[in-house]
K.L.:
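Sharing a structure here in structure tokens format.
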Protein chains: 2
Amino acid sequence: MGVIRKTKTVEVLLNEFNKRAVAISAKNLIKQFQTSFNKTTIYRVLDKLEEDGVLHSFLGKDGLKWYAKCKGCSASEHNDLHPHFQCLNCGKVDCLSESVKLPEIPNRKIKVSQLLIQGTCDTCYL
Amino acid sequence: MGVIRKTKTVEVLLNEFNKRAVAISAKNLIKQFQTSFNKTTIYRVLDKLEEDGVLHSFLGKDGLKWYAKCKGCSASEHNDLHPHFQCLNCGKVDCLSESVKLPEIPNRKIKVSQLLIQGTCDTCYL
DNA sequence: AATATACTGCAACGTTGTTGCATTAACAAA
DNA sequence: TTTGTTAATGCAACAACGTTGCAGTATATT
Ligand SMILES: [Zn+2]
Ligand SMILES: [Zn+2]
Ligand SMILES: [Zn+2]
Ligand SMILES: [Zn+2]
């Protein structure tokens, strides 16, 4: 399907992802824009933006859904196999550009992988 | 705290993990034993078994909580940094003994990591 | 057997996310 | 600009997974 119309919600959410260079959770966006948009709308716009290859999603440490901007993805090809880092202190989540070398697994066909690294981020690192 | 009393629930659940060599989701156990045990009890026993170093937990592809037997863990030291494999066809989840080499991340302190590999398992692999 | 308390079941609740449907707004054609 | 099509939205209700409080029960110790 894909995002077709340039609505207020799409504009505002996209602007948020452009402004902040980090990943943002759906929960966070819903809280931030609760006076402007309904949570259902936010979930649906995020879905569409992911289908379109504008955002990619992954699960954070508590199973919450996070989104971040894609680099070089399209609706037909998603390239989001990079690891993510979540700070256990401030909760911030970043995309890591470093690639992961997956272990060898006999007799199995690997399709996707998600690596979530947790620890202390540069800001919280004392 | 730890598991102290050998109750029926503990016995049955532990037996289940010993019988099957794979990871089991809380959801699965609740469904399987819904006539025998209350879901609250199952959640609590799993919690305790994890605290005791008998089981370790991780999140599967949908954010569901999975448990598997620990090898060489204790209440004081948990050694569950191995990756897991989830079959996209049959849903089965295994612990992988292979270790993962984490990417270098400057200015951050790594505490935990969870790697979930998804694909087709040996049984479903045609 | 009596006691202390860990464990259990139940009901009610919390959070994240989804669905159905009526209304509104975006876009294009007239 | 006006009109018409239909995607997008808001709302309420729901669904799934998991948690909490509390009263009653079972375990282990004396
Ligand atoms: Zn931080
Ligand atoms: Zn990312
Ligand atoms: Zn399989
Ligand atoms: Zn494991």
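To find a chain, count down the sequence lines: A is the first, B the second, and so on, and within it residues start at 1.
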K.L.:
Any salt bridge linking A:Lys8 with A:Glu11? Criterion: basic side-chain nitrogen under 4.0 Å from a carboxylate oxygen.
P.N.:
no

K.L.:
Can you tell me how far C1' of C:dT8 sits from CG of B:Leu46, to the nearest Å?
P.N.:
14 Å

K.L.:
For DNA chain C, whose closest nucleotide is more 5', that of B:Ile42 or that of A:Leu59?
P.N.:
B:Ile42

K.L.:
Should B:Phe17 and B:Ile42 be regarded as members of a common hydrophobic cluster, given that ILVMFWY residues are connected when their side-chain heavy atoms come within less than 4.5 Å of each other, either directly or indirectly?
P.N.:
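Yes, one cluster joins them.
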
K.L.:
Closest to the B:Lys6 side chain: D:dA28, C:dG9, D:dG18?
P.N.:
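The closest nucleotide is D:dA28.
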
K.L.:
Looking for any heavy atom pair under 4.0 Å, which part of the strands does B:Leu64 touch: base, sugar-phosphate only, or nothing?
P.N.:
sugar-phosphate

K.L.:
Would you mind reading off the distance between B:Asn38 atom CG and D:dT19 atom C1', rounded to a whole angstrom?
P.N.:
12 Å

K.L.:
How close or far is atom C1' of C:dA26 from atom CD of A:Glu11, stated in whole angstroms?
P.N.:
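To the nearest whole Å, that distance equals 13 Å.
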
K.L.:
Over how many whole Å does the gap from A:Asp62 atom CG to C:dG14 atom C1' extend?
P.N.:
14 Å

K.L.:
Of the options D:dA7, C:dG9, C:dG20, whose atoms approach the side-chain atoms of A:Arg5 most closely?
P.N.:
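Of the candidates, D:dA7 comes closest.
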
K.L.:
Within the structure, does a side-chain N or O atom of B:Thr41 lie under 4.0 Å from either OP1 or OP2 of C:dC7?
P.N.:
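B:Thr41 to C:dC7 OP1/OP2: no side-chain N or O under 4.0 Å.
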
K.L.:
In this structure, how many angstroms lie between the P atom of D:dC17 and the CG atom of B:Asn28, rounded?
P.N.:
11 Å

K.L.:
Taking atom C1' of D:dA26 as reference, at what distance in whole Å does atom CD1 of B:Ile4 sit?
P.N.:
14 Å

K.L.:
Contact class for A:Ser25 vs. all strands (heavy atom < 4.0 Å): base, sugar-phosphate, or nothing?
P.N.:
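Nothing, no heavy atom under 4.0 Å.
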
K.L.:
Say whether B:Val54 and B:Phe37 are linked into one hydrophobic cluster, either directly or through other cluster members, by side-chain heavy-atom distances under 4.5 angstrom.
P.N.:
yes

K.L.:
Of all the nucleotides listed (D:dT20, C:dG20, C:dG17), which has the minimum atom distance to the side chain of B:Thr40?
P.N.:
D:dT20

K.L.:
Are more than 12 heavy atoms, taken from residues, nucleotides or ligands other than B:Lys92, located less than 6.0 Å from that residue's NZ atom?
P.N.:
yes

K.L.:
Send over the distance from B:Phe37 CZ to C:dC7 C1', rounded to a whole Å.
P.N.:
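Result: 12 Å.
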
K.L.:
Could you tell me if B:Arg108 sits above the aromatic ring of A:Tyr125, with its cationic atom closer than 6.0 Å to the ring centre and no more than 45 degrees from the axis?
P.N.:
no

K.L.:
Of all the choices, D:dT9, D:dA8, C:dC7, which nucleotide is nearest to the side chain of B:Thr7 once you look at every atom?
P.N.:
C:dC7

K.L.:
Less than 3.5 Å between a donor and an acceptor, one on the side chain of A:Lys65 and one on the base of C:dG17, is that the case here?
P.N.:
no

K.L.:
Between P on C:dG17 and CZ on A:Phe58, what's the gap in Å once rounded to a whole number?
P.N.:
12 Å

K.L.:
Looking at the base of C:dG17, is there any donor atom on it, or on the side chain of A:Arg44, that sits under 3.5 Å from an acceptor on the other one?
P.N.:
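No pair found.
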
K.L.:
Is the distance from OP1 or OP2 of C:dG9 to the nearest side-chain N or O of B:Lys39 less than 4.0 Å?
P.N.:
no

K.L.:
Looking at A:Tyr43, does any N or O in its side chain come under 4.0 Å of the phosphate oxygens OP1/OP2 on C:dT18?
P.N.:
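It does not, given that no N or O in the side chain of A:Tyr43 lies less than 4.0 Å from OP1 or OP2 of C:dT18.
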
